A.B. asks: 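Have a look at this one before I ask anything.
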Amino acid sequence: MRITLLCLSTFIFLADASQVQAQRLREREQEFMTAPPRVGDPLPSVTVYAANGQPFETSRLRGRYTVLTFGCLTCPPSMWNISGLEAVQRDYGPKGVDFYFIYKSLAHPELAGNYVQPFTLEERLKHAAQAKIQFGTEIPWIVDAMDNRLKRALGDRPNSQFVINPEGTIISKRAWSHPGLVRQELEKLVGPVEKITQVDDLNLKLGQFVEPTASRGVVKQIVRPDMMALTQKPDLQQTEFPFYAKLRAEADAELIQQGTGKLYLGFHIDPFHSAHWNNLTDPLSVHIEGSDQVILEKRNFKADKVAHLSDADPREFLLDIQSWPADQPLRVIVNYHACVDDACHAIQQQYVLHRERSIDGGGARGVGAGYWEKKEFTQRLLANDRNRNGFVEKSEALGLIAPHFESIDRDNDGQLSRDELGAIADWLNHHHQPAPPK
């Protein structure tokens, strides 16, 4: 009985937490819809970049209807909706409608190919080029600047979508991309097409993840608690080498809010540089500089020695912080040995780390496949069941599931059951596995 009561209380707690999360999601979507720029406002004039790296002025998006959709290599809605938008483009591109994907900061670093946040525009351009290959897109990609100025100017959402009229005015916006609604809008604006292109008609030539240049799964990764990315600035002027390994700094809520808690430092090999660790030399080491007001578990530490000659697993650390004043940034100095092709290098690189949440850091989801635990994920989606009938109906669907309600509803009864919702977790986990070990 005691175990049963404990399980019941745990279920109630998870259900309550899921309902709070669902309510917050609805509120955030409403906030986005009412925040500037609003429908009827002009598209903000921002300088970003074409896929070839040349400046691209959003002010040039006039004279035709234009559909803008944000995305990246690790965003689930982006991955799921790109093919549907490609189908709409095949029908309405010939009718004079322009389509663009906008590449921005990663939504979920470390997923779907072990991709990590780029530090330079050149690296982000490589991300966008890989997105074109990996998703088989014909719609061109615009690349946001490293300060994510276009994402900021358009409401700061990971997969938002806008339709712009020929005068450069926003005529529709949504927090999540939705190919079906875009098609409906264009049917009203420029007319229907004789034969609707289906996704299956496209035969998109999908590419593969960027493969690691050494084995993965050699070093056991840290299972870190629920944490948030911190604001960090790599010192690009203090090194002659690219950041082959990139810092991922995260903190728990207590550390961000109160200055005491857990700090995660993970150094992740960037697959776009084709590098790997050189384990024949000293392992990666870290030195943290900061004022005496910062009290942390240790300021000097190093990774364990690895028996394999090389690998591409992250080097991770989880530190206890007793005191970190918000106005006292830390300098993180890392030394490591990395190899690219036949050349190996001893590298020192530095970062300035702030005790504040990064709004562009994205959310990493842990180790290995199974980032979306099926029961928990299903319960979270069922929190949208506002009429409490045990199903998610179409009017209750939000975010990821709304554009694909019909395909998820396998029995065509107009509502999504636990089994149907659980299948979404399977899809996410399948498509977000890291690149296979080499």
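The structure presented is a predicted model; accordingly, all values stated were derived computationally and were not measured.
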A.B. asks: Any salt bridge between Arg64 and Asp98, counting N to O under 4.0 Å?
C.D. replies: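 Yes, charged N to carboxylate O under 4.0 Å.
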A.B. asks: Answer yes or no: is there a side-chain heavy-atom contact under 4.5 Å between Pro225 and Leu318?
C.D. replies: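 SC-SC contact between Pro225 and Leu318 confirmed.
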A.B. asks: As a test of understanding, state which of Tyr100, Phe101, Phe70 forms a ring pair (Phe, Tyr, Trp, His ring centres under 6.0 Å) with Trp141.
C.D. replies: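 Output: one option passes, namely Phe101.
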A.B. asks: Among Trp277, Phe267, Tyr244, Phe241, whose ring pair (Phe, Tyr, Trp, His ring centres under 6.0 Å) with Tyr336 holds?
C.D. replies: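 Exactly one option meets the ring pair (Phe, Tyr, Trp, His ring centres under 6.0 Å) with Tyr336, and it is Trp277.
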A.B. asks: In Å, rounded to the nearest 0.5 Å, how long is the span from CD of Glu86 to CZ of Phe99?
C.D. replies: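 Answer rounded to 0.5 Å: 9.5 Å.
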A.B. asks: Take atom CD of Glu356 as the centre, draw a 6.0 Å sphere, and report whether it contains more than 12 heavy atoms from other residues, nucleotides or ligands.
C.D. replies: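 More than 12 heavy atoms, drawn from other residues, nucleotides or ligands, come within 6.0 Å of this atom.
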A.B. asks: Any cation-pi pair here, Lys173 with Phe32, using under 6.0 Å and within 45°?
C.D. replies: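 Judged by the rule (NZ or CZ under 6.0 Å from the ring centre, within 45° of its axis), Lys173 counts as positioned above Phe32.
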A.B. asks: How about Asp147: does its CG atom have over 12 heavy atoms from other parts shown lying under 6.0 Å from it?
C.D. replies: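 More than 12 within 6.0 Å, yes.
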A.B. asks: For Ser78 and Asn159, test the side chains for any donor-to-acceptor distance below 3.5 angstrom and give the result as yes or no.
C.D. replies: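 Side-chain D/A pair, Ser78 to Asn159: absent.
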A.B. asks: Report the relative orientation of the aromatic rings in Phe119 and Tyr351; use parallel for angles under 30°, tilted for 30 to 60°, perpendicular for over 60°.
C.D. replies: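 The arrangement is perpendicular - the two ring planes meet at more than 60°.
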A.B. asks: Under the criterion side chain to side chain contact (heavy atoms under 4.5 Å, CB included), I'd like the reasoning laid out for Leu61 against Leu68: C-alpha separation, chi angles, the key distance, then a yes or no.
C.D. replies: CA-CA 10 Å; Leu61 298 176; Leu68 301 177; 4.0 Å; yes
A.B. asks: Between Leu154 and Pro44, is any pair of side-chain heavy atoms under 4.5 Å apart?
C.D. replies: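 Counting from C-beta outward, Leu154 and Pro44 do come under 4.5 Å.
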A.B. asks: Side chains of Gln258 and Glu254: do they bring a donor and an acceptor to under 3.5 Å?
C.D. replies: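 Their side chains do not contain a donor-acceptor pair, so the 3.5 Å distance test is not met.
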A.B. asks: Keeping Asp409 on the side-chain end and Asp413 on the backbone end, is there a donor-acceptor pair under 3.5 Å?
C.D. replies: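 Here the side-chain-to-backbone pair exists.
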A.B. asks: With a 4.5 Å heavy-atom cut-off, do Ile288 and Leu265 have their side chains touching?
C.D. replies: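 A side-chain contact exists here, since the closest heavy-atom pair is under 4.5 Å.
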A.B. asks: A quick test of your reading: do over 12 heavy atoms of other residues, nucleotides or ligands sit less than 6.0 Å from CG of Asn52?
C.D. replies: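 Yes - once you tally the heavy atoms of other residues, nucleotides and ligands closer than 6.0 Å, there are more than 12.
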A.B. asks: Not counting sequence neighbours, list each pair that qualifies as a salt bridge (Lys or Arg N to Asp or Glu O under 4.0 Å) and has a residue in residues 264-275.
C.D. replies: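 Applying salt bridge (Lys or Arg N to Asp or Glu O under 4.0 Å) to every pair that reaches into residues 264-275, excluding sequence neighbours, yields Lys246-Asp270.
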A.B. asks: Using side-chain hydrogen bond (donor to acceptor under 3.5 Å, both in side chains) as the criterion, list what pairs up with Asn389, not counting sequence neighbours.
C.D. replies: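 Listed in chain order: Glu393.
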A.B. asks: Run the salt-bridge test on Arg216 and Asp311 with the 4.0 Å N-O cut-off and return the result as yes or no.
C.D. replies: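 No.
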A.B. asks: Closer than 3.5 angstrom, by distance alone: can the side chain of Gln328 be matched with the main-chain N or O of Gly290 as a donor-acceptor pair?
C.D. replies: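 Absent.
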A.B. asks: For the residue pair Pro42 and Glu167, establish whether any side-chain heavy-atom pair is separated by less than 4.5 Å.
C.D. replies: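 Contact flag for Pro42/Glu167 side chains = no.
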A.B. asks: Would a distance-only check, ignoring hydrogens and angles, find a side-chain to backbone donor-acceptor pair under 3.5 Å from Glu138 to Lys132?
C.D. replies: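 Flag not set: sc Glu138 to bb Lys132 has no pair under 3.5 Å.
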A.B. asks: Could you tell me the separation between the NE2 atom of His345 and the SG atom of Cys339, rounded to the nearest 0.5 Å?
C.D. replies: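 The NE2 atom of His345 sits 7.5 Å away from the SG atom of Cys339.
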A.B. asks: Crowded around Arg357 CZ? As in, over 12 foreign heavy atoms under 6.0 Å?
C.D. replies: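 12 or below, so no.
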A.B. asks: Sub-3.5 Å donor-acceptor pair from the side chain of Glu57 to the main-chain atoms of Ser45, do we have one?
C.D. replies: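 No.
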A.B. asks: Spell out, as yes or no, whether a donor-acceptor pair under 3.5 Å connects the side chain of Gln415 to the backbone of Phe391.
C.D. replies: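 Not a single qualifying donor-acceptor pair exists.
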A.B. asks: Using 0.5 Å steps for rounding, measure from the NE2 atom of His276 to the CG atom of Asp313.
C.D. replies: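 The NE2 atom of His276 sits 13.0 Å away from the CG atom of Asp313.
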A.B. asks: At their closest point, which heavy atom of Asp91 faces which heavy atom of Lys195, and how far apart are they?
C.D. replies: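 Shortest heavy-atom separation between Asp91 and Lys195 comes out as OD1-O, 3.7 Å.
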A.B. asks: Is there a donor-acceptor contact under 3.5 Å from the side chain of His108 to the main chain of Ala364?
C.D. replies: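 No, the answer is negative, given that no donor and acceptor are paired below the 3.5 Å cut-off.
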A.B. asks: Can you see which heavy atom on Leu353 is nearest to which on Leu230, and at what distance?
C.D. replies: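 For Leu353 and Leu230, the tightest heavy-atom pair comes out as CD1-CB, 3.9 Å.
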A.B. asks: Quick one: are Phe135 and Ser83 in side-chain contact, heavy atoms under 4.5 Å?
C.D. replies: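 Side chain of Phe135 against side chain of Ser83, heavy atoms only: no contact under 4.5 Å found.
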A.B. asks: Closer than 3.5 angstrom, by distance alone: can the side chain of Arg355 be matched with the main-chain N or O of Leu255 as a donor-acceptor pair?
C.D. replies: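 At least one qualifying donor-acceptor pair exists.
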A.B. asks: With rounding to the nearest 0.5 angstrom, report the CG to CZ distance, Leu421 to Arg418.
C.D. replies: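 Leu421 CG to Arg418 CZ: 8.5 Å, rounded to 0.5 Å.
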A.B. asks: Output the distance between atom CG (Asp41) and atom OG1 (Thr169), rounded to the nearest 0.5 Å.
C.D. replies: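 So the CG of Asp41 and the OG1 of Thr169 are separated by 8.5 Å.
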A.B. asks: When you measure from the side chain of Thr213 to the backbone N and O of Ala275, does any donor-acceptor pair fall under 3.5 Å?
C.D. replies: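 Here the side-chain-to-backbone pair exists.
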A.B. asks: Just wondering, more than 12 heavy atoms not from Lys394 lying within 6.0 Å of its NZ?
C.D. replies: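 Not more than 12 within 6.0 Å, no.
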A.B. asks: Got Val88 and Val67 here, is their nearest side-chain heavy-atom distance under 4.5 Å?
C.D. replies: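 Val88 does not reach Val67 side chain to side chain.
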A.B. asks: Distance check, rounded to the nearest 0.5 Å: Met146 atom CE versus Glu123 atom CD?
C.D. replies: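 Met146 atom CE to Glu123 atom CD measures 7.5 Å (nearest 0.5 Å).
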A.B. asks: Passes side chain to side chain contact (heavy atoms under 4.5 Å, CB included), Tyr103 versus Cys72? Steps please.
C.D. replies: CA-CA 5 Å; Tyr103 198 93; Cys72 68; 3.8 Å; yes
A.B. asks: Do the ring planes of Tyr115 and His127 sit parallel (below 30°), tilted (30 to 60°) or perpendicular (above 60°)?
C.D. replies: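 Plane angle between 30° and 60°, so tilted.
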A.B. asks: Considering non-hydrogen atoms only, spot the tightest contact between Leu43 and Thr58 and give its length.
C.D. replies: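 Minimum heavy-atom separation between Leu43 and Thr58: CD2-O, 3.8 Å.
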A.B. asks: Go through Asn148 and Arg124 one step at a time and tell me if the side chain to side chain contact (heavy atoms under 4.5 Å, CB included) criterion holds.
C.D. replies: CA-CA 11 Å; Asn148 295 294; Arg124 184 171 281 182; 3.1 Å; yes
A.B. asks: Would you mind reporting whether Phe317 and Leu284 have side-chain heavy atoms less than 4.5 Å apart?
C.D. replies: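 They are in contact (side-chain heavy atoms under 4.5 Å apart), so the answer is yes.
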A.B. asks: May I ask you to decide if Trp176's main-chain N or O and Arg157's side chain share a donor-acceptor pair within less than 3.5 Å?
C.D. replies: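 No.
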A.B. asks: If every non-hydrogen atom of Gln221 is compared with every non-hydrogen atom of Pro314, which pair is closest and at what distance?
C.D. replies: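 For Gln221 versus Pro314, the nearest heavy atoms are NE2-CG, 3.6 Å.
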A.B. asks: Using the side chain to side chain contact (heavy atoms under 4.5 Å, CB included) criterion, which residues pair with Asp235? Sequence neighbours excluded.
C.D. replies: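 Asp235 satisfies side chain to side chain contact (heavy atoms under 4.5 Å, CB included) with Gln237, Gln238, Arg331, Gln350 only.
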A.B. asks: Any non-hydrogen side-chain atom of Asn165 less than 4.5 Å from a side-chain atom of Tyr65?
C.D. replies: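 Heavy-atom side-chain distance check passes, below 4.5 Å.
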A.B. asks: Can you check side chain to side chain contact (heavy atoms under 4.5 Å, CB included) on Val334 and Leu247, steps first, answer last?
C.D. replies: CA-CA 9 Å; Val334 57; Leu247 172 62; over 6 Å; no
A.B. asks: Should Asp360 and Arg152 count as an ion pair when the cut-off is N to O under 4.0 Å?
C.D. replies: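 Yes, charged N to carboxylate O under 4.0 Å.
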A.B. asks: Under the 3.5 angstrom rule, does the side chain of Tyr264 hit a backbone N or O of Ala229 as a donor-acceptor pair?
C.D. replies: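 Here the side-chain-to-backbone pair does not exist.
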A.B. asks: Would you name the heavy atoms of Met79 and Leu73 that are closest together and state the gap between them?
C.D. replies: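 Shortest heavy-atom contact: SD-O, 4.1 Å.
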A.B. asks: Using a strict cut-off of less than 4.0 Å between a Lys/Arg side-chain nitrogen and an Asp/Glu carboxylate oxygen, indicate whether Glu187 and Arg183 qualify as a salt bridge.
C.D. replies: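 Salt bridge flag = no for Arg183 with Glu187.
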A.B. asks: Which heavy-atom pair separates Leu85 from Ile139 by the least distance, and what is that distance?
C.D. replies: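 Scanning both residues completely, I find the closest heavy atoms to be O-CD1, 3.7 Å.
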